[in-house]
*Asks:* 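Sharing a structure with you now.
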Amino acid sequence: MIDLKALEQDPDAFARALRRRGDVANLDELLRVARERKELLGRLQAMQEERNKLNEGMKKATPAEREAGRDRMRKLGDEVKALEAEQRIIEERRDALALQFPNSPRPDVPDGKDEHGNVEVRRVLEPRKLDFTARDHVDLGVGLDLVDIERAAKISGARFAFLKGQGARLERALASFMLDFHLAAGDVEMAPPLLVTGQTLVGTGQLPKFGEDLFSVNFGPPKEAGAAPLYLIPTSEVPITNYYAGEILDEERLPLRFCAFSQCFRAEAGSAGRDTRGLIRQHQFEKVEMVRFATPEQANDELERMVQRASDLLTALELPHRVVLLCTGDMGFASEKTYDLEVWLPSQATYREISSCSTCGSFQARRAQIRYRPTSADPKKQEKPRPLATLNGSGLAVGRTWVALLENHQLADGSVRIPERLRPYLGAIDTLRKDESRGAP
RNA sequence: GGAGCGGUGGCCGAGUGGUUGAAGGCACCAGACUUGAAAUCUGGCGUACUCGCAAGGGUAUCGAGGGUUCGAAUCCCUCCCGCUCCUCCA
């Protein structure tokens, strides 16, 4: 949620910042509604005050006086009730409008309308020069009997996959490796719920605007009315960030650093036809996520550290990658600054996103009402709560890491070398080879 | 699915329709006492909105919404959530 107070104080600055991301259509209307509400609230509160004062007198009034005051009170009560109804309506309208606006980009985010405006920050590790033609992960995976996409389509439709044998184990190994990496750095591991309420998704910004990207789930068979559906999480950022929804944390506790492994579910409504081959874009995938709660002053440092963490993971897996600073047009709705990490894919001879690390500033914190109480300089006075900063970053997308590992470490004969650091998680094998002892898939 | 109970401030917990933003306790903060600490005593201590340069004032808030009433934490209705027992289940 955008900061309504800041908007009212300096609407022009707000419009300028938002215009960098494109549309600012309803900003004026939001401002108008906000001011209308204030005016209404003034009248309402004056009326409530009068009512309360009159009522005070009723307590010790004689029966005759009470009888006399009754009419007046009844009328005043009705008027108050009417204004309260107006207030509810106008606040609903204000909130509905306010929830539509994306976060404002920070000044150090480059302008641009799509991914072409992104700025490469650095490259890490040189892609290997192959003396043979690179196979893609589907050819490699099918060749080694690690994956079966056709049969998954039979079971669940497009954009699903079975991982098989060492392929399944590799996925598990990667996730485990990543989590241990984060734990060694001091993160707290979480295993979150995968189904969440609509309110939770409003907190992180997926709703109300982006419901079509989500899967929703009913209690029991589909029905027309009844209990509100739950949603499958598109990332564990959603449940973890909302973990402290509605709470006030003491400043001394910040920053808080969590990591979480989870399945992620995305409807991919807007991406029909994109990345249809292979495991790059699935309805269901695994991801290890980093989530941070920080003071606004700590946020920038935390962001850089997450990027470094993700990069270190890729380096540990010997995967060439680059860090990219996203431009205003390519950032997510809730983000005010985002770095993507892109891993080298030999089959496509290009870098593809494998992690996205963002600071959302106080945008999500205002939606989910997560605040912190600054440590007071004067021990006699306590500071007022402020929204804290939330950050999240992939560390890493496990499915895409699986893809990148196969492709980058493939050998001429179609087998795949396992990087040193991962071997303890795979029974100490150094290579994925075709298992000739088993029959055809 | 069947039966019952309950949702009050950071926590515990009282609350007869009006004097309750809400007793009391714990926790926390400041001060006093003490060489220091503990104990004790005194005071402070929710959140949001709103008016005001400020000091300070006002309004709302006892799970949510609606109703009865001049007046609701207290009475009525609906919903949500939690707990216990039985049933079922990984």
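The sequence lines fix the lettering, A, B, ..., with proteins before strands; numbering per chain opens at 1.
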*Asks:* Between A/G42 and A/G77, which residue's closest nucleotide on RNA chain B lies nearer the 5′ terminus?
*Replies:* A/G42
*Asks:* Rounded to the nearest Å, what distance is computed from the CD1 atom of residue A/I248 to the C1' atom of nucleotide B/G10?
*Replies:* 10 Å
*Asks:* So, using salt bridge (charged side-chain N to carboxylate O under 4.0 Å, His left out) as the criterion, who are the partners of A/E79 when residues are at least two apart?
*Replies:* A/K75
*Asks:* Under 4.0 Å, counting only non-hydrogen atoms across every strand here, what does A/R37 touch: a base, just sugar-phosphate, or nothing?
*Replies:* sugar-phosphate
*Asks:* Once side chain to side chain donor-acceptor pair (under 3.5 Å) is applied, what residue pairs with a partner in residues 171-180 of chain A remain, sequence neighbours excluded?
*Replies:* A/D180-A/Y425
*Asks:* Between A/A17 and A/P105, which heavy-atom pair has the shortest distance, and what is it?
*Replies:* O-CD, 3.4 Å
*Asks:* CZ of A/R371 versus P of B/G10: gap in Å, rounded?
*Replies:* 10 Å
*Asks:* Rounded to whole angstroms, how far apart are CZ on A/R35 and C1' on B/C49?
*Replies:* 18 Å
*Asks:* Between atom CE in A/M1 and atom C1' in B/A48, what is the gap in whole Å?
*Replies:* 13 Å
*Asks:* Rounded at 0.5 Å granularity, tell me how far CG in A/N103 sits from CD in A/Q364.
*Replies:* 8.5 Å
*Asks:* Can you build the contact string for nucleotides 52-67 of chain B? Use B for base contact, S for sugar-phosphate-only contact, and - for no protein heavy atom under 4.0 Å.
*Replies:* ------BBS-----S-
*Asks:* Whole angstroms only, please: what is the CD-C1' distance between A/E247 and B/G10?
*Replies:* 11 Å
*Asks:* Is the distance from OP1 or OP2 of B/G46 to the nearest side-chain N or O of A/R373 less than 4.0 Å?
*Replies:* no
*Asks:* Would you tell me if any nitrogen or oxygen in the side chain of A/K384 comes within less than 4.0 Å of OP1 or OP2 on B/U47?
*Replies:* no
